[in-house]
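A short worksheet on the structure shown next.
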There are 2 protein chains.
Amino acid sequence: MSVTIRDIARRVGRSITTVSRALHDYDDVSPETKALVRQVAEEMGYIANKQALGLQKRRSDAIGLILPTFGPRFSDPFYSEFIAGVGKKASQFERDLVVSAYPPGEQEIQAYRQLVQSRRVDGFVIVRVRAVDERIDLLRQRGVPFVAFGRTRAAQDYPFVDEDGASGMRQVVDHLVALGHRKLAFIAPPENLNFTHLRLQGFHAACQAHGLEIRTEWLREGDLTQRGGFEQAQALLSLDDPPTAILAGNDLTAFGVMSAVQEHGLQVGKDISVTGFDDIPMAEHSHPPLTTVHQPIYTIGNMVCEMLIDLIDGRLNGMPQTVLDPQLIVRSSSGPPP
Amino acid sequence: MSVTIRDIARRVGRSITTVSRALHDYDDVSPETKALVRQVAEEMGYIANKQALGLQKRRSDAIGLILPTFGPRFSDPFYSEFIAGVGKKASQFERDLVVSAYPPGEQEIQAYRQLVQSRRVDGFVIVRVRAVDERIDLLRQRGVPFVAFGRTRAAQDYPFVDEDGASGMRQVVDHLVALGHRKLAFIAPPENLNFTHLRLQGFHAACQAHGLEIRTEWLREGDLTQRGGFEQAQALLSLDDPPTAILAGNDLTAFGVMSAVQEHGLQVGKDISVTGFDDIPMAEHSHPPLTTVHQPIYTIGNMVCEMLIDLIDGRLNGMPQTVLDPQLIVRSSSGPPP
DNA sequence: CTTGACAACCAAAACGTTTTGGTTTATTGT
DNA sequence: ACAATAAACCAAAACGTTTTGGTTGTCAAG
């Protein structure tokens with residue numbers, strides 16, 4: 001059906017070896033032949049069959065990304081931005097991106113195994129790292145190249161990019177304390193996600209540094225969704241002694257918090273301050289605009305992908321690990337306490 | 001490195017032909033041999049090399065999805081939900097999903113050509129169909145299987161799933177008119193997207209049916225972003241005779257509109273009504289919750305994917321075309337005019 | 001005994017590349 | 001004139017699978 005190297009060989013009256021070598025610019029092909037081969041290839045619209053190529057070279061020029069989906073539906077703006085970042089960089093390097101979606105579990109692990117063993121992909125980008133992460137164990141054990149976005153709690157001797165969650169939280173606390181707040185509540189991400197640990201740690205450290213009291217009823221666990229933020233905030237607001245600022249584990253949660261606050265007839269940024277974490281594009285346009293910590297997700301996608309490709313191509317000797325310092329973005333959801 | 005069919009053959013003392021046929025349950029292999037082969041395959045952790053398989057069978061068992069990204073960043077919750085829907089269904093059929101991201105243009109078209117010619121994918125899911133769409137022309141001309149989410153304005157003799165945008169808009173207008181509104185503004189999606197046409201058409205038809213005046217200054221074009229909604233709404237609100245309801249072309253736009261309204265010191269759902277289109281999960285939790293038209297994106301992803309696989313496998317003779325009737329979800333961003 | 005049918009197996013070709021290890025022809029140095 | 005070198009080319013093997021078109025041995029029927 002489609003044109004192969006053999007068709008070109010026939011047309012130019014050379015062997016397929018010569019055609020292949022001409023196309024790859026080997027120097028045992030005469031300049032005339034090279035030019036001819038290239039012209040004919042162009043004319044015939046030749047594009048190499050990647051499966052044949054992969055079979056011979058024992059690689060696929062593709063990278064894998066399995067989205068951990070929680071629940072039946074999922075709609076996390078984080079993913080689309082991250083995918084775009086990874087995908088863009090991948091295509092710059094002429095790699096394809098193979099995406100699957102599985103909830104964490106046995107099937108998910110099986111999918112990793114399949115994809116690598118069936119030679120579909122050369123390596124993986126791992127996202128939403130768990131506190132103890134089976135995927136990382138599997139890939140490390142098999143020697144499959146991968147780069148993770150995030151760190152596990154335990155062993156960290158693998159390549160990753162991560163943001164310094166502790167620093168991010170510290171910046172938020174510093175900001176609120178500078179405004180005059182002393183009563184801070186924190187709706188943390190779920191315990192089993194690795195970055196929870198870092199953010200909590202930053203929160204605690206900063207509170208301690210400022211000599212703030214941390215009440216256990218002000219420390220709650222959300223689930224990264226708007227609904228979760230809404231519910232936790234309602235609980236916080238009906239306390240006898242409610243906090244003057246609510247720090248959310250991510251922006252979605254913060255939006256939920258703002259809804260709850262407004263439903264209580266309070267004004268965000270005046271009666272009570274709310275902060276997020278991630279700085280998704282929507283944060284700039286919420287009402288009021290959200291004070292949050294900027295995480296350059298698109299850029300992180302780029303970095304992770306590039307590191308992975310370097311790793312696959314053997315351009316990397318050490319174990320690349322990058323920690324980005326996130327930046328506090330102050331908007332009007334935070335203000336001095338009443 | 002990894003275990004091949006040849007390794008199994010050696011272990012069980014049969015030819016590779018027999019092993020292959022045993023694994024595929026051909027009936028010229030004795031039950032004993034089949035059992036033995038399967039057991040050994042299991043033990044050795046055999047997983048077929050997809051590249052070799054694809055080379056021989058001339059297919060890849062993968063489907064392609066190229067995201068049209070507008071601008072450098074992009075964060076459209078629509079995509080993550082759609083990808084999850086397509087990806088999930090694909091994995092149920094044991095297909096992989098190859099995702100790329102390109103802005104519309106020459107490079108994008110080239111990517112389609114590459115992916116199909118290099119045998120990376122067996123067919124495509126096309127998303128965000130344009131009013132006149134080069135991608136569809138290319139694939140049709142080459143006889144590559146594809147299913148689109150959306151319809152082009154012109155020829156519609158190809159497989160697609162779409163929602164009935166006209167009906168959706170009609171429901172919105174009916175709802176608002178029932179509440180007592182007579183002055184409706186519409187911030188439409190960009191002109192070059194196909195569904196714009198249908199939604200505008202529905203808007204016009206419904207307005208006419210109710211004998212409403214359609215002023216040109218109330219008819220504006222947005223860009224599907226929050227920022228766009230914000231800007232267009234500001235313009236609408238500063239008119240001498242502003243509308244009492246603003247209909248947005250999608251939810252993101254509606255969020256921008258709500259911000260602008262609130263910034264003008266007006267209350268959404270009381271002083272002015274705002275509606276969206278899509279019903280992204282966030283719509284339920286915005287402040288106030290958004291009246292919008294529900295589009296089951298995840299389900300549409302599923303349908304599109306399944307149709308495509310049927311098409312690839314030749315299980316489909318006709319030309320499947322499905323139009324879904326979307327459903328109006330009334331929340332508190334819409335109410336009677338003051 | 002043959003013959004035919006059937007069960008169980010297998011060698012070789014094919015898919016489209018790249019790589020290996022050549023061969024042939026022309027050119028150069030002595 | 002001859003060997004050595006260089007330039008341009010190529011046949012065959014390999015990657016891991018499925019498919020094609022067999023072969024071999026056994027058994028029942030004639």
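Within every chain, numbering begins at 1; the chains are lettered A, B, ... in the order of the sequence lines, protein sequences first and strands thereafter. What you see below is based on every heavy atom in this structure, not just the backbone, and it leaves out hydrogens, waters and symmetry mates.
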_As a test of reading the structure: which of C/dA8, C/dT17, D/dC9 is closest to the side chain of A/Val29, going by heavy atoms?_
D/dC9
_Rounded distance (Å) that lies between atom C1' of C/dA7 and atom CZ of B/Arg14_ = 13 Å
*Please figure out whether B/Asp28 or B/Leu55 has its closest DNA chain D nucleotide nearer the 5' end.*
B/Leu55
*Is there a donor-acceptor pair closer than 3.5 Å between any side-chain N or O of A/Asp96 and the backbone N or O of A/Ala62?*
no
*Can you find a side chain N or O atom of A/Lys57 that sits less than 4.0 Å from OP1 or OP2 on C/dT19?*
yes
_So, does A/Arg58 get its side chain near the phosphate of D/dC15, meaning an N or O under 4.0 Å from OP1 or OP2?_
no
*For the residue pair A/Phe149 and A/Phe82, does the interplanar ring angle fall in the parallel (under 30°), tilted (30 to 60°) or perpendicular (over 60°) class?*
parallel
*Verify the contact: side-chain N or O of A/Thr18 to OP1 or OP2 of D/dC10, cut-off strictly under 4.0 Å; return yes or no.*
yes
*Establish whether the base of C/dA11 is bridged to the side chain of B/Thr17 by a donor-acceptor pair shorter than 3.5 Å.*
yes
*Take atom CG of B/Asp7 and atom C1' of D/dG16, then tell me their distance rounded to the nearest Å.*
11 Å
_From the set D/dA8, C/dT17, D/dT18, return the single nucleotide nearest to any side-chain atom of B/His24._
D/dT18
*Contact class for B/Arg21 vs. all strands (heavy atom < 4.0 Å): base, sugar-phosphate, or nothing?*
base
_Taking the nucleotide of DNA chain C with the nearest heavy atom to each, does B/Ala52 or B/Ser30 sit closer to the 5' end?_
B/Ser30
*Give the rounded distance in Å between these two atoms: CD1 of B/Ile8 and C1' of D/dT18.*
14 Å
*Whole-Å distance between D/dG16 P and B/Leu23 CG?*
16 Å
*Looking at A/Ser15, does any N or O in its side chain come under 4.0 Å of the phosphate oxygens OP1/OP2 on D/dA11?*
no
*Provide, to the nearest angstrom, the distance between the CZ atom belonging to B/Arg10 and the P atom belonging to D/dG16.*
11 Å
*Return the value, rounded to whole Å, for the distance between atom CZ of B/Arg6 and atom P of D/dC15.*
7 Å
*asked:* Looking at A/Phe78, I'd like to know if the NZ or CZ of A/Arg128 sits under 6.0 Å from its six-membered ring centre while staying within 45 degrees of the ring's axis.
replied: yes
_Student check: side-chain heavy atoms of A/Leu308 and A/Ile63 closer than 4.5 Å_ = yes
*Contact under 4.0 Å: B/Tyr26 side-chain N or O vs D/dT19 OP1/OP2*: yes
*asked:* How many whole angstroms separate atom CG of A/Asp25 from atom C1' of D/dA8?
replied: 15 Å
*Below 4.0 angstrom from OP1 or OP2 of C/dC9, is there any side-chain N or O of B/Thr33?*
yes
*OP1 or OP2 of D/dT17 sitting under 4.0 Å from any side-chain N/O of B/Tyr46?*
yes
*What's the verdict on side-chain hydrogen bond (donor to acceptor under 3.5 Å, both in side chains) for A/Thr152 and A/Asp133, showing C-alpha distance, side-chain angles and the deciding distance?*
CA-CA 7 Å; A/Thr152 55; A/Asp133 204 308; over 6 Å; no
*In chain order, what residues pass the ring-ring contact (aromatic ring centres under 6.0 Å, His included) check against A/Phe195, with sequence neighbours excluded?*
none
*Identify which nucleotide among D/dT18, C/dA8, D/dC10 has an atom closest to any side-chain atom of B/Ile16, counting heavy atoms from C-beta outward.*
D/dT18
*Euclidean distance, atom CD of residue A/Gln51 to atom P of D/dT18 [Å, nearest integer]*: 13 Å
